[in-house]
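Computed over heavy atoms, backbone and side chain alike; hydrogens, waters and symmetry mates excluded.
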Amino acid sequence: MPRSPRHLPQGHSFHITLRCNSRQFLIAKGLRRDVLLAVLAKAQTKVPHRLYAVCLMANHLHLLLRPDDASQLPRLMHWVGWYSAMALNRLTGRCGHFWEARYYATAIAPKDHKRALNTLRYIHANPKAAGVRRGFYDPYSNYGHYGRLECDGISEWHPSFLTLAPTLKGCSKRYERFCQKYRHHAKGAPKCHWGSRMLKRLVETSGSSRSKNKRISPGQMQLPFAFDLRLSQIPEEWHQIAVRFRRANGIRDGDRGRSIW
């Protein structure tokens, strides 16, 4: 069955979501996210576009971007997915699919400033909503680009952000207050439960000797903290791109939202 064509209106920004295969924590390690930052920087020379928001999580990523030609979005994301999968598989010594299915893309009209700002805030709030950070600053999110008004070498300010106040400093302050009002709403449970009930019965009736406290429900996996550091070499140029991004956006002394780790 053919895929339905994407709606790609010209001049619109697109909120992109891309998940790791089987939602595994394949980009939990910082070095792998450094590779993704370098790939995003390289992508700007492949398909012209403006990158407004970036957030790299342990098993998925969020982007807010606007291609110069909206019809080139599939070409851009195909290249990002292919090149990053090739680089990350080579880095980690794995093979097979790295990303899950197709990327999600939601179009945002250029004059819909409210929706654009809500999307920006949603992307920047991902580390806080996931419990990774207490605040919005994160070395792999470009919230610092908006909060500190520093260039990170990859992203730029969204036009809706620039409408918040007459000056850049005023825009930053108003956006910070806007983000502080964010309240995370947990996603509801899936409407169809027949598969979960069936799996639960199978698990309960199985003759497993594991205790209930150590059981992991089907489809869940634990975040791997014991990383293998043997394959940890990336090109120096890529490393410098990631260092610049992390320095501009990372947590600093005095920030109200620090890491909980």
S.K.: Using the side chain to side chain donor-acceptor pair (under 3.5 Å) criterion, which residues pair with His113? Sequence neighbours excluded.
M.R.: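 Scan of His113 (side chain to side chain donor-acceptor pair (under 3.5 Å), adjacent residues dropped) gives Ser160.
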S.K.: Is it the case that over 12 heavy atoms from other parts of the model lie below 6.0 angstrom from the CZ atom of Arg174?
M.R.: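 Atom CZ in Arg174 is not packed in, count stays at 12 or less.
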S.K.: If Ile, Leu, Val, Met, Phe, Trp and Tyr residues are connected whenever their side-chain heavy atoms lie under 4.5 Å apart, and connections chain through other members, are Val35 and Met86 in the same group?
M.R.: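 In one cluster with Val35: Met86, yes.
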S.K.: Measure from the side-chain N and O atoms of Arg33 to the backbone N and O of Ile27, and report whether any donor-acceptor pair falls under 3.5 Å.
M.R.: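 Side chain of Arg33 to backbone of Ile27, a donor-acceptor pair under 3.5 Å: yes, one is there.
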S.K.: Examine distances only and state if a side-chain atom of His97 and a backbone atom of Asn21 form a donor-acceptor pair shorter than 3.5 Å.
M.R.: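 Checked: no pair found.
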S.K.: Quick one: closest heavy-atom pair of Asp69 and Ser71, and the distance?
M.R.: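 Where Asp69 meets Ser71 most closely, the heavy atoms are OD1-OG, 2.8 Å.
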S.K.: Closest approach of Cys20 and Leu26, non-hydrogen atoms and distance?
M.R.: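 Looking at all heavy atoms of both residues, the closest pair is SG-CB, 3.8 Å.
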S.K.: Excluding sequence neighbours, so at least two apart, what forms salt bridge (Lys or Arg N to Asp or Glu O under 4.0 Å) with Arg246?
M.R.: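 Expected list: Asp34.
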S.K.: Check step by step if side-chain contact (heavy atoms from CB on, under 4.5 Å) holds for Trp157 and Leu149.
M.R.: CA-CA 9 Å; Trp157 298 304; Leu149 302 177; 3.9 Å; yes
S.K.: Residues in side chain to side chain donor-acceptor pair (under 3.5 Å) with Asn142, at least two apart?
M.R.: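 Scan of Asn142 (side chain to side chain donor-acceptor pair (under 3.5 Å), adjacent residues dropped) gives His124, Ser155.
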S.K.: Going by side chain to side chain donor-acceptor pair (under 3.5 Å), name the residues that satisfy it together with Trp238, two or more places apart in sequence or in a different chain.
M.R.: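 For Trp238, no residue satisfies side chain to side chain donor-acceptor pair (under 3.5 Å) once neighbours in sequence are set aside.
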S.K.: Restricting to salt bridge (Lys or Arg N to Asp or Glu O under 4.0 Å), what partner residues turn up for Arg247, sequence neighbours left out?
M.R.: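 Per chain and number, Arg247 pairs via salt bridge (Lys or Arg N to Asp or Glu O under 4.0 Å) with no residue.
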S.K.: So Tyr146 and Tyr175, would you call those rings parallel, tilted or perpendicular, with 30° and 60° as cut-offs?
M.R.: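 Tyr146 and Tyr175: tilted rings.
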S.K.: Test Arg244 against Glu237 for salt bridge (charged side-chain N to carboxylate O under 4.0 Å, His left out), laying out the working first.
M.R.: CA-CA 11 Å; Arg244 182 179 179 183; Glu237 179 186 358; over 6 Å; no
S.K.: What closest approach, in Å, do Glu150 and Ala248 show between heavy atoms, and which atom pair accounts for it?
M.R.: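 Taking Glu150 first and Ala248 second, the nearest heavy atoms are OE1-CA, 3.8 Å.
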S.K.: Between Asn118 and Arg121, does a side-chain contact (heavy atoms from CB on, under 4.5 Å) hold up when you go through it step by step?
M.R.: CA-CA 5 Å; Asn118 281 328; Arg121 182 173 66 175; 3.4 Å; yes
S.K.: Please determine whether the number of non-hydrogen atoms from other residues, nucleotides or ligands lying under 6.0 Å from atom CZ of Arg148 exceeds 12.
M.R.: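 Count over threshold, so yes.
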S.K.: Sub-3.5 Å donor-acceptor pair from the side chain of Asn59 to the main-chain atoms of Phe25, do we have one?
M.R.: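 Not confirmed, Asn59 side chain does not pair with Phe25 backbone.
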S.K.: Check whether any side-chain heavy atom of Met77 sits under 4.5 Å from a side-chain heavy atom of Ile16, and report yes or no.
M.R.: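 In contact.
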S.K.: Stepwise, does the side-chain contact (heavy atoms from CB on, under 4.5 Å) test hold for Leu40 with Val54?
M.R.: CA-CA 9 Å; Leu40 292 176; Val54 181; 4.0 Å; yes
S.K.: Excluding sequence neighbours, so at least two apart, what forms side chain to side chain donor-acceptor pair (under 3.5 Å) with Ser13?
M.R.: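 Ser13 satisfies side chain to side chain donor-acceptor pair (under 3.5 Å) with His158 once adjacent residues are dropped.
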